[in-house]
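Report on the following structure.
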Protein chains: 2
Amino acid sequence: MKSGFQWRGRLWLEGEEGTFLGYGRVVLLERIGEHGSLAQAARSMEMSYKHAWDLLDSMNRQAGCKLVETSRGGKSGGGARLTPAGERAIAVFWEYHARFQAVLQEMTAKLGETLGDAWCGDPGAEP
Amino acid sequence: MKSGFQWRGRLWLEGEEGTFLGYGRVVLLERIGEHGSLAQAARSMEMSYKHAWDLLDSMNRQAGCKLVETSRGGKSGGGARLTPAGERAIAVFWEYHARFQAVLQEMTAKLGETLGDAWCGDPGAEP
DNA sequence: TTGCGTTATATTTATCAAAATATAACGGTT
DNA sequence: AACCGTTATATTTTGATAAATATAACGCAA
């Protein structure tokens with residue numbers, strides 16, 4: 001039974017000062033890992049550097065340790081790299097995110113079964 | 001094991017033109033049922049009448065039938081009341097919302113068990 | 001006919017978060 | 001010393017979205 005409606009959702013891990021990890025934050029961490037630079041990671045997501053820096057700062061403070069270590073100056077101007085804690089945060093988030101998406105899909109399937117598109121009309125009607 | 005972090009999420013039912021049912025929309029439907037008036041329902045949520053009207057219009061159009069019937073003029077000036085389809089929409093949303101919240105709670109419990117607060121440090125360490 | 005509290009709709013204003021911009025500091029290289 | 005690309009930070013500007021405001025129509029009652 002096809003319903004045309006689907007359950008959707010957002011998932012985030014909340015800490016003392018609000019969001020700690022969410023989809024965008026985790027993608028940012030991944031991009032930092034790929035590029036070795038916060039500035040490049042931000043550009044790759046079409047996100048302002050400041051916004052990216054603020055997100056990273058929020059994550060580092062809430063985690064209690066740095067998820068990303070940064071350095072400035074030097075040959076390449078500086079850089080940013082994931083710590084083991086950062087890698088772990090990424091893995092944990094995607095693990096729960098996958099389960100979350102699976103639940104949404106189950107819910108959508110169940111909605112189609114029981115309801116079809118029939119918001120209107122008698123729910124107990126024979127087909 | 002107490003973690004200090006908790007999984008949180010938002011759930012909505014998506015249709016052809018975007019959101020069909022979400023938390024705020026369903027509360028609005030409930031308030032309409034309670035007050036018998038769209039204007040009063042909006043005021044009770046500190047929402048502008050126009051915003052409430054737009055949400056209701058979006059729901060009515062996407063459902064394929066009216067979730068709320070309105071009338072204007074007359075003794076009391078007019079009013080709005082839930083249809084059976086509207087009552088059903090409220091019930092369906094809360095049913096899935098409850099399941100959704102239960103999943104988030106399970107996920108938070110599991111996170112506490114496996115991780116504690118230890119984003120930092122060796123995950124295989126003995127306590 | 002006038003008044004009332006609604007629904008219905010358009011237009012203007014305010015708010016606030018995101019983006020853009022600007023500046024400084026850093027530390028290696030040339 | 002001068003240069004480079006980065007991190008770090010403050011300030012300004014923009015844009016999207018909600019709110020506020022205004023106006024009209026409705027239909028019954030006094």
Side-chain angles (χ1 to χ4, degrees), chain A residues 10 12 14 17-20 22-63 65-83 85-86, chain B residues 10 12 14 17-20 22-63 65-83 85-86:
Chain A
R10 297 283 295 176
W12 66 93
E14 182 125 340
E17 81 171 60
T19 300
F20 168 51
Y23 187 93
R25 289 168 185 240
V26 169
V27 170
L28 177 63
L29 291 178
E30 288 184 328
R31 297 293 174 91
I32 290 171
E34 291 166 17
H35 293 96
S37 151
L38 179 54
Q40 280 182 48
R43 280 198 293 272
S44 82
M45 299 175 67
E46 299 177 45
M47 177 186 288
S48 72
Y49 173 83
K50 174 177 169 36
H51 188 45
W53 190 90
D54 285 342
L55 292 178
L56 183 54
D57 183 55
S58 166
M59 289 188 274
N60 278 339
R61 277 183 292 106
Q62 289 191 76
C65 61
K66 288 193 186 313
L67 302 187
V68 168
E69 278 180 348
T70 58
S71 65
R72 21 183 219 178
K75 168 157 91 175
S76 61
R81 67 179 195 286
L82 286 174
T83 65
Chain B
R10 295 283 294 176
W12 67 93
E14 183 126 339
E17 81 172 60
T19 300
F20 168 51
Y23 187 92
R25 288 168 184 240
V26 170
V27 170
L28 177 62
L29 291 178
E30 288 184 328
R31 298 292 175 92
I32 290 171
E34 290 166 17
H35 292 97
S37 151
L38 179 54
Q40 281 182 47
R43 280 198 294 272
S44 81
M45 299 176 66
E46 299 178 45
M47 176 186 288
S48 72
Y49 173 84
K50 175 179 170 33
H51 189 45
W53 189 90
D54 285 343
L55 291 178
L56 181 55
D57 182 55
S58 166
M59 289 188 274
N60 278 339
R61 276 184 292 106
Q62 290 191 76
C65 60
K66 288 194 187 312
L67 302 187
V68 169
E69 278 181 348
T70 59
S71 65
R72 14 183 225 180
K75 168 157 92 175
S76 61
R81 68 179 195 285
L82 286 173
T83 63

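Chain identifiers are assigned alphabetically (A, B, ...) following the order of the sequence lines, protein sequences preceding nucleic acid strands; residue numbering begins at 1 within each chain. Hydrogens, waters and symmetry mates are skipped; everything else that's a heavy atom, side chains included, is used.
The side chain of B:S48 approaches D:dA19 more closely than any other nucleotide in the set D:dA19, C:dA19, D:dT7. Distance from the side chain of A:T70 is smallest for D:dA8 among the nucleotides C:dA20, D:dA8, C:dT7. Ranking D:dT7, D:dT6, C:dT7 by closeness to the A:A80 side chain, first place goes to D:dT7. The listed nucleotides are D:dT7, D:dA10, C:dA10; the one nearest the side chain of A:S37 is D:dT7. Taking the side chain of A:Q40 as heavy atoms from C-beta on, and the options D:dT7, D:dT11, D:dT6, the nearest nucleotide is D:dT6.
Closest heavy-atom contact between A:L67 and A:N60: N-OD1, 2.6 Å. The two residues A:Q62 and A:T19 have their closest heavy-atom pair at NE2-O, 2.8 Å.
Residue order along DNA chain D, read from the 5' end via each residue's closest nucleotide, puts A:G36 first among B:G73 and A:G36. When each of A:H51 and A:G77 is assigned the nucleotide of DNA chain C bearing its nearest heavy atom, the one mapping closer to the 5' terminus is A:H51.
In this structure, A:L82 CG and A:E34 CD are separated by 9.5 Å, a value rounded to the nearest 0.5 Å. Here the CG atom belonging to A:L28 is positioned 9.5 Å from the CZ atom belonging to A:R25, to the nearest 0.5 angstrom.
Put simply, A:R72 has no side-chain N or O that comes within less than 4.0 Å of OP1 or OP2 on D:dC4. The phosphate of D:dG27 (OP1 or OP2) has no side-chain N or O of B:S71 nearer than 4.0 angstrom.
In this structure, the NZ atom of B:K75 is 13 Å from the C1' atom of C:dC4, given to the nearest Å. Across the protein-nucleic acid pair, B:W53 atom CH2 and D:dT17 atom C1' stand 18 Å apart, rounded to whole Å. Atom CD in B:E46 sits roughly 16 Å away from atom C1' in C:dT15 (whole-Å rounding). Note: CG (B:L56) to P (C:dT9) measures 12 Å, nearest angstrom. Atom NZ in A:K66 sits about 12 Å away from atom C1' in D:dT7, given to the nearest Å. The OH atom of A:Y49 sits 9 Å away from the C1' atom of D:dT9 (whole-angstrom rounding). Atom CD1 of B:I32 and atom C1' of C:dT7 are 12 Å apart (whole Å). Whole-Å rounding puts the A:E69 CD to C:dC26 P distance at 19 Å.
Among the atoms of the strands shown, none is found under 4.0 Å from any heavy atom of A:R81. Using a 4.0 Å heavy-atom cutoff across all strands shown, B:G74 reaches at least one base atom of the nucleic acid.
The 12-atom threshold is exceeded at CZ of B:R61, counting heavy atoms of other residues, nucleotides or ligands nearer than 6.0 Å.
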